[in-house]
Asks: 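Got a structure for you, questions after.
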Amino acid sequence: MSKTHPVNALKKLGIGLAFGAATIMSMPTSALACTQVYMGKNLTADGNTYYGRSEDYGPRYLKHFGIEPSHGPGHTYSSDESSFMYTSTKTTYRYTYVRDHPSQWDNRWDAYSEAGINEKGVSCSATLSTSMNADAETADPLTNTGIGEYNYASVILGESATAREGVELLGSLIDEQGVCSNDQIIIADNNETWLFAALSGHQWIGMKLADDVASINPNIGNLNYDVDLNDPENCLHSEGIESMPKEKGFAEYTDGKFDVAATYGETIQNSGMHQWTRYVQGRNYFGNELQEGTDYEIVKDEREEARATTGALVHEMQPLFFQPGKTDWTTFEMIRSLGNRGENTPGLNANTDGAYAIGTERNTEIHVFQVRNGLDPQVATIQWEMLSRAAYSVAIPFYSALLTEVSPYFSDQTVSFDHCKETDVVYNEEPENSINYVLMDISSLCFENPDTLGISVRAYLDALQNELIEQNKEVDAAMLAETTPEGRTALANKAGKAATENTYVKCKALLQEMRAYQKAENFDQPFTPSDLNTETNGLKVSITYAKDALVTDPVTPDQPGTPEQPGTPEQPGTPEQPAKPEQPTTKPEKPGKSDTTTTVTTNKTNTKGGLPTTGDRFDGRVVAAFAIAGVAVISAGGYFLYRRNKE
């Protein structure tokens with residue numbers, strides 16, 4: 001995800017960060033750091049397709065899960081990162097989103113919808129940032145009128161009834177207005193899953209993904225792939241995708257065939273050591289290991305200020321798609337793939353070797369879509385959503401295509417952003433009934449105390465995750481048996497609230513016990529959650545998600561009447577139930593919220609907030625250098641890299 005911080009302002013002026021192979025090792029981290037995964041249905045235990053992404057930005061950054069309602073014709077999408085604007089000619093579709101706090105975007109409510117499903121069953125994961133090479137940049141630069149990650153998901157989900165429609169619409173917008181950033185996006189429905197890539201200012205490609213391949217991409221735009229540009233059933237693309245680079249003299253061919261990735265993507269020297277670290281970790285996790293010495297080398301960054309001191313550099317460009325080591329990947333394994341810290345990758349273990357990781361402390365949001373191909377589109381896709389760092393978090397299941405209500409345990413965009421800035425989460429508790437902040441605080445304490453807190457907390461969250469997965473099977477059976485739209489919507493709302501409440505109750509109690517343990521300052525024994533059965537690594541007291549979702553009693557989850565929220569216990573004890581949250585207060589009116597009137601917002605310069613703290617969006621030290629110099633270009637090899645202060 002990007003913001004209009006100083007780096008984006010420079011990008012609008014056409015100014016990039018220049019560096020070549022000689023500076024890769026001197027960079028504190030690569031400029032990019034989100035990770036995208038895909039697993040075709042032929043490779044999974046349940047025959048479902050899985051895809052998702054982790055977003056990196058900083059150790060404490062608030063995200064919000066919500067629902068964008070349908071709007072009447074004339075609804076306008078606009079951006080805070082470019083002057084992009086698009087007005088809908090039809091009634092838009094309702095969709096779920098994961099958005100940033102308005103305080104981070106000039107008090108706008110529509111920033112970066114990121115992940116969601118619309119009422120037609122179209123799902124979208126956005127955005128994996130990539131980069132084009134210097135030749136592509138010179139021939140077809142990014143535009144300040146183009147669409148970008150601020151709007152990708154909103155436009156796709158608001159306007160598209162199928163995944164193919166989403167690809168076609170996004171392509172047409174780039175044809176007309178260009179694009180303001182290089183990105184990859186995955187768009188899916190109940191029949192097809194597409195990978196869309198914005199290659200340069202006006203060139204793009206959409207590829208229908210095969211059912212028998214896996215993929216992991218940590219922001220590398222040149223991972224190679226073979227595609228038939230003359231097969232419109234499986235590939236859609238801009239008209240000049242080959243003719244433009246051929247005319248400009250930078251088209252690349254492999255075995256006589258036009259090579260899209262090599263033509264447009266950054267060179268191998270311009271992919272950073274921490275990007276390749278995550279690629280190696282991911283290939284290892286999925287059982288298609290790269291070999292140290294043969295495929296890659298472990299390298300060191302000796303500078304004192306480097307956050308991650310160990311990384312990898314490959315010898316040859318690697319594939320975007322590969323065959324994993326088995327064909328029975330589970331829901332749990334796909335969720336946990338985005339929390340992978342290289343534990344099984346010798347020399348690149350983030351816990352022991354000083355390496356960067358897929359499951360970094362700078363994760364802000366993780367989502368995995370479970371697509372049951374061929375089912376009714378309204379129930380085909382389950383969104384597994386976690387609003388915190390995957391290393392110490394849990395994903396909650398939602399039938400997002402049907403949702404019209406969100407649990408009040410999710411703090412909405414009116415909640416204070418100030419708790420993100422807390423440095424002592426032991427004594428500074430989060431706003432009441434905010435699962436967003438509860439998961440953030442659990443993660444912060446675990447990353448700060450990995451040996452005393454992290455091991456048992458991870459075991460506990462795994463147990464909770466497995467119960468959510470198992471009980472969702474019972475909920476799913478009821479959902480598939482329900483045939484009326486009204487009944488499905490009611491069940492989806494009830495199930496979403498029940499899953500959220502159960503997760504909140506367990507995690508809030510866990511967090512209180514963690515805080516009590518830290519306050520007691522007796523660290524002779526590692527922390528053990530009172531609700532963790534250490535013999536089975538399961539929960540002592542099971543959640544009641546399925547029971548709550550399927551109960552016919554009119555009293556549903558999130559209603560008053562449950563036990564009050566406990567205070568901080570003197571000693572860890574059995575988790576207690578928190579009080580039900582009050583209904584959120586009326587929030588400020590959002591742009592374009594009415595079905596009959598449309599508010600058109602104009603692009604602004606973002607002047608808020610501190611600079612990014614993670615070099616894997618765009619290193620703060622580099623940004624500071626730009627700010628001091630005004631318009632500074634660091635050159636050590638002649639390769640210019642347009643990039644956001646995103647992942």
Side-chain angles (χ1 to χ4, degrees), residues 32 34-43 49-55 114-115 117 122-132 147-149 152-153 155-157 160 162-171 173-174 179 181-200 203-229 231-238 241 259-266 279 282 286 317-324 334 337-338 367-371 373 381 647:
L32 314 171
C34 62
T35 305
Q36 178 177 277
V37 297
Y38 168 81
M39 188 68 68
K41 66 178 183 178
N42 294 353
L43 303 173
T49 296
Y50 288 85
Y51 75 94
R53 187 185 67 98
S54 64
E55 179 202 347
E114 187 168 358
I117 310 177
V122 176
S123 56
C124 178
S125 173
T127 309
L128 181 87
S129 300
T130 58
S131 301
M132 57 182 164
I147 191 171
E149 60 183 352
Y152 286 136
V155 171
I156 291 166
L157 297 177
S160 307
T162 66
R164 185 179 290 264
E165 279 188 19
V167 172
E168 293 171 339
L169 173 60
L170 186 51
L173 291 173
I174 295 176
V179 70
S181 56
N182 300 116
D183 301 285
Q184 288 185 11
I185 302 159
I186 296 183
I187 311 168
D189 57 28
N190 59 326
N191 293 314
E192 299 178 340
T193 302
W194 288 78
L195 176 66
F196 185 99
L199 302 169
S200 64
Q203 305 302 324
W204 57 272
I205 189 170
M207 299 176 287
K208 187 162 69 172
L209 299 183
D211 296 328
D212 59 353
V213 297
S215 178
I216 182 159
N217 190 348
N219 306 106
I220 301 173
N222 196 17
L223 294 176
N224 54 57
Y225 53 86
D226 185 19
V227 62
D228 184 355
L229 296 179
D231 177 13
E233 176 62 27
N234 295 292
C235 179
L236 301 171
H237 56 81
S238 52
I241 190 172
D259 190 326
V260 178
T263 297
Y264 289 95
E266 71 270 27
Y279 184 83
F286 287 121
M317 186 54 69
Q318 297 296 313
L320 179 58
F321 304 107
F322 58 88
Q323 293 297 313
M334 292 307 301
S337 71
L338 292 169
H367 54 266
V368 172
F369 292 105
Q370 178 184 0
V371 186
N373 298 78
T381 306
E647 291 99 287

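Heavy-atom basis, side chains included; hydrogens, waters and symmetry copies ignored. Only a predicted model underlies this, so the values are computations on that prediction, with no experimental measurement involved.
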Asks: State, with a plain yes or no, whether a side-chain heavy atom of Asn190 is found less than 4.5 Å away from one of Thr381.
Replies: no
Asks: Which pair of heavy atoms, one from Ile117 and one from Ser123, lies closest together, and at what distance?
Replies: CG1-CB, 3.8 Å
Asks: May I ask you to test the Tyr50-Tyr38 pair for a side-chain heavy-atom distance under 4.5 Å?
Replies: no
Asks: Using atom types as modelled and distance alone, determine if a side-chain donor or acceptor of His367 lies under 3.5 Å from a backbone N or O of Ser54.
Replies: no
Asks: Working note: Gln184 + Thr130, criterion side chain to side chain donor-acceptor pair (under 3.5 Å); need CA distance, chi angles, decisive distance, verdict.
Replies: CA-CA 7 Å; Gln184 288 185 11; Thr130 58; 5.3 Å; no
Asks: Determine yes or no for a side-chain-to-main-chain donor-acceptor pair under 3.5 angstrom, with Thr162 supplying the side chain and Glu165 the backbone.
Replies: yes
Asks: Enter the distance from Asn222:CG to Glu266:CD here, rounded to the nearest 0.5 Å.
Replies: 6.0 Å
Asks: Is the shortest side-chain heavy-atom distance between Tyr152 and Cys124 below 4.5 Å?
Replies: no
Asks: Students often mix this up, so state it plainly: with edges at 30° and 60°, are the rings of Trp204 and Phe196 parallel, tilted or perpendicular?
Replies: parallel
Asks: Let me confirm one number: the CG-OG1 distance from Asp211 to Thr193, rounded to the nearest 0.5 Å.
Replies: 7.5 Å
Asks: From Leu169 CG over to Arg164 CZ, what is the distance, rounded to the nearest 0.5 angstrom?
Replies: 14.5 Å
Asks: For Val167 and Gly206, which heavy atoms make the closest approach, and how far apart are they?
Replies: CG1-CA, 4.2 Å
Asks: For the atom pair OH (Tyr225) and CG (Leu209), what is the distance rounded to the nearest 0.5 Å?
Replies: 11.5 Å
Asks: Looking at side-chain heavy atoms only, is the closest gap between Glu168 and Leu170 below 4.5 Å?
Replies: no
Asks: Please report the shortest heavy-atom distance between Ser181 and Gly148, naming the atom on each side.
Replies: OG-CA, 4.0 Å
Asks: Report yes if the side chains of Glu114 and Glu55 come closer than 4.5 Å at any heavy-atom pair, otherwise no.
Replies: yes
Asks: If you compare all heavy atoms of Pro319 against all heavy atoms of Leu223, which two are closest, and at what distance to 0.1 Å?
Replies: C-CB, 4.1 Å
Asks: Drop me the distance from Leu195's CG to Ser215's OG, to the nearest 0.5 angstrom.
Replies: 7.0 Å
Asks: For the backbone of Ile187 and the side chain of Glu192, can you confirm whether one donor and one acceptor N or O come within less than 3.5 Å of each other?
Replies: no
Asks: Of all heavy-atom pairs between Ala126 and Ile185, which one has the smallest distance, and what is that distance?
Replies: CB-CG2, 4.1 Å
Asks: Would you check, one step at a time, whether the test side chain to side chain contact (heavy atoms under 4.5 Å, CB included) holds for Asp228 with Cys235?
Replies: CA-CA 7 Å; Asp228 184 355; Cys235 179; 5.9 Å; no
Asks: Measure from the side-chain N and O atoms of Asp189 to the backbone N and O of Val122, and report whether any donor-acceptor pair falls under 3.5 Å.
Replies: no
Asks: Is the closest side-chain heavy-atom distance between Met39 and Pro324 below 4.5 Å?
Replies: yes
Asks: Hey, is the main chain of Gln36 close enough, under 3.5 Å, to the side chain of Asn217 for a donor-acceptor pair?
Replies: no
Asks: Check whether any side-chain heavy atom of Asn373 lies under 4.5 Å from a side-chain heavy atom of Asn191, and answer yes or no.
Replies: no
Asks: So do the side chains of Met334 and Phe286 get within less than 4.5 Å of each other, counting heavy atoms only?
Replies: yes
Asks: Within the distance-only criterion (no hydrogens, no angle test), does the side chain of Arg53 pair as donor or acceptor with the backbone N or O of Thr127 below 3.5 angstrom?
Replies: yes
Asks: Could you grab the distance from atom OG of Ser238 to atom CG of Leu199, nearest 0.5 Å is fine?
Replies: 6.5 Å
Asks: How close do Val37 and Ile186 get, counting heavy atoms only, and between which atoms?
Replies: O-CD1, 4.3 Å
